[in-house]
Amino acid sequence: MKKNSTLLVTGGAGFIGANFVHYWLNNYPDTKIINLDSLTYAGNLTSLTDISSNPNYTFIEGNITNKELVNKIMDDVDIVVHFAAESHVDRSILNPEIFLETNVMGTHVLLESAVRNKIERFHHISTDEVFGTLSLEDLNSKFSENTPYDPRSPYSASKAASDHLVRAYGETYNLKYSITNCSNNYGEFQHPEKLIPLTITNLMEDLEIPVYGDGMQVRDWLYVQDHCKAIDMVLNSENTDKTFVVGGLNEDIPNIEIIKMIINLMGKSENLIKFVKDRAGHDKRYSVDWSNIKEKLNWTPSVTFEEGLQKTIDWYKNNQSWWKPLKNDSKDFFLKNYQGR
Ligand code: NAD
Ligand code: DAU
């Protein structure tokens, strides 16, 4: 990567994108970032207020499906880091179509433009959900770079399609690309529709915590700044591997135990736990074997789950003006998703 590269970050006003923009400008102050984001319900410019006047940062409000706009922007770009997506599984169950538009067609538009403009590198942010579900009985099973694709929700199917498109553009048009498939991120700036911030903010408001099914599903939790570091190492690596899976430090903790840990850390009551109807097609277990990225790039997650959870709780306690309006704006979704469950 050149010292003064220009990065096009898509979805930089979302959770991971905003963390990445902060991470990048702190670590590479001489590079330029163009943040292209259409500001859906999940995009929030208040996550970026502190850097909005940085001369190396430009925000463009626009949709990644807009070919003309994307082509115009791509002209000045060296590297694309593609976060923009519809990202919430429950929303994909209620309304799949927008997931195909953004995650599949949007990625296609970016890829076309990247090829046309001879972009130096296209880095695609993907998910471990493309691999489907692991068994709760065999805790030794883990996702790796060699796991076959088996997506089971409209969200993960759309992400799988986008991964395939990126690889196809690499093979067919010689686009230089890399992909990271990471596990569940958590940390600051995450929309309160997702399990950890939903639990923290509901507890702060003395609202019930909806637990899908029996709460025994397992996720692999990755602190968001560790994820940003992994992307950095992949972008700066000369390694010829195209795909890396990225995961966190926790070991198979069921959702219900995560919720109890948060309740305990916040000194709240378990009476607020409410078991509700399960998510349709709910994946049972995710767990990531990140030994390959450790071996090839020397990346390891650094933040323990306990440490990350405490930092996250503190952040939501101290930033109520950030998340309260988001919960209010998503009232319709919360009603649709949780009513009658
Ligand atoms: P998010 O939902 O918080 O943010 C998505 C951002 O993309 C928002 O700012 C939104 O406005 C923007 N966006 C959506 N549609 C757009 C469009 N058509 N054009 C331009 N911008 C658009 O998502 P996130 O949790 O930050 O996830 C970022 C990426 O990481 C996604 O690709 C997601 O699939 C992937 N991922 C997320 C996680 C996780 O745990 N959050 C884990 C693995 C992979
Ligand atoms: O694995 C990576 C994926 O992690 C990303 O690709 C997605 O973008 C991201 O949203 C996340 O998907 P999940 O579906 O795993 O995350 P979510 O926070 O929605 O749910 C985590 C677990 O908690 C899951 O087993 C469902 C459960 N859950 C979730 C909500 C919102 C509940 O029990 N109750 C809830 O109200």
Side-chain angles (χ1 to χ4, degrees), residues 9-20 35-45 47-48 60-66 69-70 81-93 98-99 101-103 105-107 109-110 124-131 133 143 151 153 155-156 158-159 162-163 180-187 189-199 202 208-222 224 227 231 246-248 254-256 258-259 273-279 282-288 326 334 337-338 341:
V9 172
T10 69
F15 163 46
I16 309 176
N19 274 283
F20 180 79
N35 173 12
L36 172 64
D37 195 303
S38 63
L39 300 181
T40 67
Y41 79 94
N44 194 343
L45 285 182
S47 309
L48 297 160
I60 298 173
E61 182 173 347
N63 202 304
I64 56 167
T65 58
N66 181 339
L69 175 68
V70 166
V81 188
H82 176 32
F83 295 93
E86 288 293 334
S87 71
H88 192 31
V89 174
D90 291 326
R91 289 188 192 250
S92 84
I93 295 168
I98 184 73
F99 285 72
E101 282 166 21
T102 291
N103 301 0
M105 285 313 293
T107 302
V109 168
L110 290 167
H124 179 57
I125 310 295
S126 192
T127 169
D128 61 354
E129 294 200 15
V130 298
F131 305 124
T133 184
F143 296 137
S153 73
Y155 162 68
S156 52
S158 69
K159 291 297 290 186
S162 65
D163 293 12
T180 40
N181 294 86
C182 69
S183 61
N184 288 58
N185 284 222
Y186 70 102
F189 301 123
Q190 186 168 32
H191 193 285
E193 66 187 0
K194 307 282 168 68
L195 181 68
I196 288 182
L198 180 76
T199 303
N202 275 15
E208 287 171 332
I209 315 299
V211 182
Y212 295 163
D214 60 7
M216 292 310 291
Q217 305 80 12
V218 168
R219 295 294 181 264
D220 181 307
W221 295 100
L222 169 64
V224 64
H227 180 199
I231 300 167
V246 183
N255 291 338
I256 186 68
I258 305 262
I259 291 166
I273 292 175
K274 185 182 177 208
F275 289 92
V276 301
K277 192 171 160 222
D278 208 352
R279 174 185 275 175
H282 198 168
D283 288 342
K284 294 273 181 280
R285 176 173 166 265
Y286 305 149
S287 179
V288 169
L326 301 185
F334 284 120
N337 192 46
Y338 293 106
R341 256 194 136 119

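Both ligands and their constituent atoms are indexed starting at 1 by order of listing. All of these numbers come straight from a predicted model, not from anything done at the bench.
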Check side-chain hydrogen bond (donor to acceptor under 3.5 Å, both in side chains) between Asp128 and all other residues, then give those that pass, not counting sequence neighbours.
none

[atom]: the protein heavy-atom neighbour that sits closest, reported with distance to 0.1 Å:
atom: atom 27 (C) of ligand 2; answer: Asn255 ND2, 3.5 Å
atom: atom 26 (C) of ligand 2; answer: His282 NE2, 3.4 Å
atom: atom 3 (C) of ligand 2; answer: Glu129 OE2, 2.9 Å
atom: atom 19 (O) of ligand 2; answer: Arg279 NH2, 2.9 Å
atom: atom 8 (O) of ligand 2; answer: Ser87 O, 2.7 Å
atom: atom 34 (N) of ligand 2; answer: Pro210 O, 2.8 Å
atom: atom 36 (O) of ligand 2; answer: Tyr338 OH, 2.6 Å
atom: atom 21 (C) of ligand 2; answer: Leu195 CB, 3.8 Å

Interatomic spacing from [atom1] in [X] to [atom2] in [Y] - rounded to 0.5 Å:
X: Thr40; Y: His191; atom1: OG1; atom2: NE2; result: 8.0 Å
X: Met105; Y: Thr65; atom1: CE; atom2: OG1; result: 8.5 Å
X: Phe334; Y: Asn202; atom1: CZ; atom2: CG; result: 7.5 Å
X: Glu129; Y: Ser158; atom1: CD; atom2: OG; result: 10.0 Å
X: Ile258; Y: Thr199; atom1: CD1; atom2: OG1; result: 9.0 Å

Heavy-atom contacts with [X] under 4.0 Å: which atoms of ligand 2 show up? List them by number with element.
X: Glu193; result: 31 (C)
X: Lys194; result: 10 (O), 18 (O)
X: Thr127; result: 1 (O), 2 (C), 3 (C), 5 (C), 6 (O)
X: Asp128; result: 1 (O), 2 (C)
X: His88; result: 19 (O)
X: Val89; result: 14 (O)

List the steps and the verdict of side chain to side chain contact (heavy atoms under 4.5 Å, CB included) for Arg279 and Gln217.
CA-CA 11 Å; Arg279 174 185 275 175; Gln217 305 80 12; over 6 Å; no

Between Arg219 and Asp283, does the side chain to side chain contact (heavy atoms under 4.5 Å, CB included) criterion hold? Intermediate values first, please.
CA-CA 9 Å; Arg219 295 294 181 264; Asp283 288 342; 4.0 Å; yes

Parallel under 30°, tilted from 30 to 60°, perpendicular over 60°: which one fits the rings of Tyr186 and Trp221?
perpendicular

Look at the aromatic rings of Phe143 and Tyr286 and report parallel, tilted or perpendicular, splitting at 30° and 60°.
tilted

Is [X] close to ligand 2, meaning an N/O of one under 3.5 Å from an N/O of the other?
X: Leu198; result: no
X: Tyr155; result: yes
X: Tyr286; result: no

So do the side chains of Asn19 and His227 get within less than 4.5 Å of each other, counting heavy atoms only?
no

Do Asp163 and Asn181 have side-chain atoms, one donor and one acceptor, less than 3.5 Å apart?
yes

His124 versus Ser162, side-chain donor and acceptor atoms under 3.5 Å:
yes

Check: of Phe15, Phe143, Tyr212, Tyr186, min heavy-atom distance to atom 33 (O) of ligand 2 comes from Tyr212

Shortest reach to atom 4 (O) of ligand 2 by a heavy atom, considering only Val211, Asn184, Ile258
Asn184

Considering only heavy atoms, does Ser156 approach ligand 2 within less than 4.0 Å through its side chain, its backbone, both, or neither?
neither

Can you tell me which residue among Asp278, Ile256, Leu195 is in a side-chain contact (heavy atoms from CB on, under 4.5 Å) with Tyr212?
Asp278

The protein residues that pass the under-4.0 Å heavy-atom test against ligand 1 are Gly11, Ala13, Gly14, Phe15, Ile16, Asp37, Ser38, Leu39, Thr40, Ala42, Gly43, Gly62, Asn63, Ile64, Phe83, Ala84, Ala85, Ser87, Thr102, Ile125, Ser126, Thr127, Tyr155, Lys159, Cys182, Ser183, Asn184, Asn185

Considering residues, nucleotides and ligands other than Lys284, do more than 12 of their heavy atoms fall under 6.0 Å from its NZ?
no

Any Lys159 heavy atom less than 4.0 Å from ligand 2
no

Dump the intermediate steps for side chain to side chain contact (heavy atoms under 4.5 Å, CB included) on Leu36 and Val70, then the final yes or no.
CA-CA 9 Å; Leu36 172 64; Val70 166; 4.1 Å; yes

